[in-house]
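Here the structure is laid out as structure tokens; the discussion comes afterwards.
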Amino acid sequence: ILAKTIFLLVGRATAMEALSRMMHMDQMTGIANSRRLNQVMMGELEKNRFHMFCNNFINIKNMKLFNGRYGEKERISETAQTLESKAAYILNQFVGETGCAARLGGDNFVVFLEAERQDAFLEYMTNLTITLENPQSESKDIKIGTRIGYYRIQPGDKIAEAMGNSSIAFRYAQRESNADVIVFEQSMRDNMLRMKELEENTPEAILNR
């Protein structure tokens, strides 16, 4: 009876661990999801190490172009998944055990890593190359372009600031034609708030002529 009870408890614990892993893993790429990212960030916040990190919001450029060029019509989604999965693996390998590489969905990722490694990470991303294997033809090495908005986390910041500010920097990177990497500046947030206020006030302004 005791052995059976232990077996059931161990089995239940293993099942719970597996369920926990699934809940914190992106099912397509196998790296962390947003839930796991939040968990890692919270851990560093509780250890008072949060301000020692940078947060990077990353997008793979021209995914539709890659699909059209390298994927047959019926395999476009497969090509996208292969590119995203390999990009995820490369990001995860760089980050290692300190920090977190997570997929937010589609071709959007977040890399949360120690600030002292940020410059090396940006240099690493400029030479990001992915090999696509094709059984019917020779393999192709594809140089992947990315847009990155990043924020150097400050003492007193919470998770919302880290995510929000890196996202704002990324939006600026999307707008810039000659810069794929943008670091957050407070003026960016101020400008966005000003634009939002203008948008909200425009209907009333039109009515009032």
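Bear in mind the structure is a predicted one, so any value in this text is a computation, not a measurement. The basis for the numbers below is simple: all heavy atoms, side chains too, and nothing from hydrogens, waters or symmetry mates.
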Ring pair (Phe, Tyr, Trp, His ring centres under 6.0 Å) contacts touching residues 147-169 (sequence neighbours left out): Tyr151-Phe184
Sequence neighbours left out, what pairs pass salt bridge (charged side-chain N to carboxylate O under 4.0 Å, His left out) with at least one residue falling in residues 165-174? none
Going from [atom1] on [X] to [atom2] on [Y], what distance comes out if it is rounded to the nearest 0.5 angstrom?
| X | Y | atom1 | atom2 | result |
| --- | --- | --- | --- | --- |
| Glu114 | Ile153 | CD | CD1 | 11.5 Å |
| Ile90 | Met125 | CD1 | CE | 8.5 Å |
| Asn38 | Asn33 | CG | CG | 10.0 Å |
| Asn56 | Ile148 | CG | CD1 | 6.0 Å |
| Lys86 | Ile60 | NZ | CD1 | 12.5 Å |

Looking at [X] and [Y], what are the two nearest heavy atoms and their distance?
| X | Y | result |
| --- | --- | --- |
| Cys100 | Ala32 | SG-CB, 3.6 Å |
| Val183 | Met188 | O-CE, 3.2 Å |
| Cys54 | Gln118 | CB-OE1, 3.3 Å |
| Arg152 | Ala115 | NE-CB, 3.2 Å |
| Thr146 | Asp180 | O-CB, 3.4 Å |

Can you sort out the partners of [X] under ring pair (Phe, Tyr, Trp, His ring centres under 6.0 Å), two or more places apart, ordered by chain and number?
| X | result |
| --- | --- |
| Phe109 | none |
| Phe121 | Phe94 |
| Phe53 | Phe112 |

Taking only residues two or more places apart in sequence or in another chain, which ones pass side-chain hydrogen bond (donor to acceptor under 3.5 Å, both in side chains) with [X]?
| X | result |
| --- | --- |
| Thr29 | Asp26 |
| Arg36 | Gln39 |
| Glu44 | Arg49 |
| Glu123 | none |

Using a 3.5 Å distance criterion without hydrogens, assess whether the side chain of Arg117 forms a donor-acceptor pair with backbone atoms of Val95. yes
Do any N or O atoms from the side chain of Arg35 and from the backbone of Met23 form a donor-acceptor pair under 3.5 angstrom? yes
Please report the C-alpha distance between Lys61 and Arg147 in whole Å, then the side-chain angles of each, then the deciding distance to 0.1 Å, and finally whether the side chain to side chain contact (heavy atoms under 4.5 Å, CB included) criterion is met. CA-CA 7 Å; Lys61 293 168 61 178; Arg147 288 190 179 91; 3.6 Å; yes
Side chain to side chain contact (heavy atoms under 4.5 Å, CB included) evaluation trace for Asp157 with His51: CA-CA 7 Å; Asp157 281 347; His51 63 282; over 6 Å; no
One pair to check against side chain to side chain contact (heavy atoms under 4.5 Å, CB included): Asn108 and Ile58. What are the steps and the verdict? CA-CA 6 Å; Asn108 294 321; Ile58 302 166; over 6 Å; no
Begin from the C-alpha positions of Leu104 and Phe57 and carry the test side chain to side chain contact (heavy atoms under 4.5 Å, CB included) through to its verdict. CA-CA 10 Å; Leu104 299 186; Phe57 194 107; 3.6 Å; yes
Distance-only donor-acceptor hits, side chain of residues 158-169, under 3.5 Å, sequence neighbours excluded:
residue, atom, partner, partner atom, Å
Glu161, OE1, Lys158, N, 2.8
Asn165, OD1, Arg189, NE, 3.2
Asn165, OD1, Arg189, NH2, 2.6
Asn165, ND2, Glu161, O, 3.4
Ser166, OG, Asn55, ND2, 3.0
Ser166, OG, Ala162, O, 2.8
Ser166, OG, Met163, O, 3.1

Tyr89 atom OH, over 12 foreign heavy atoms within 6.0 Å: no
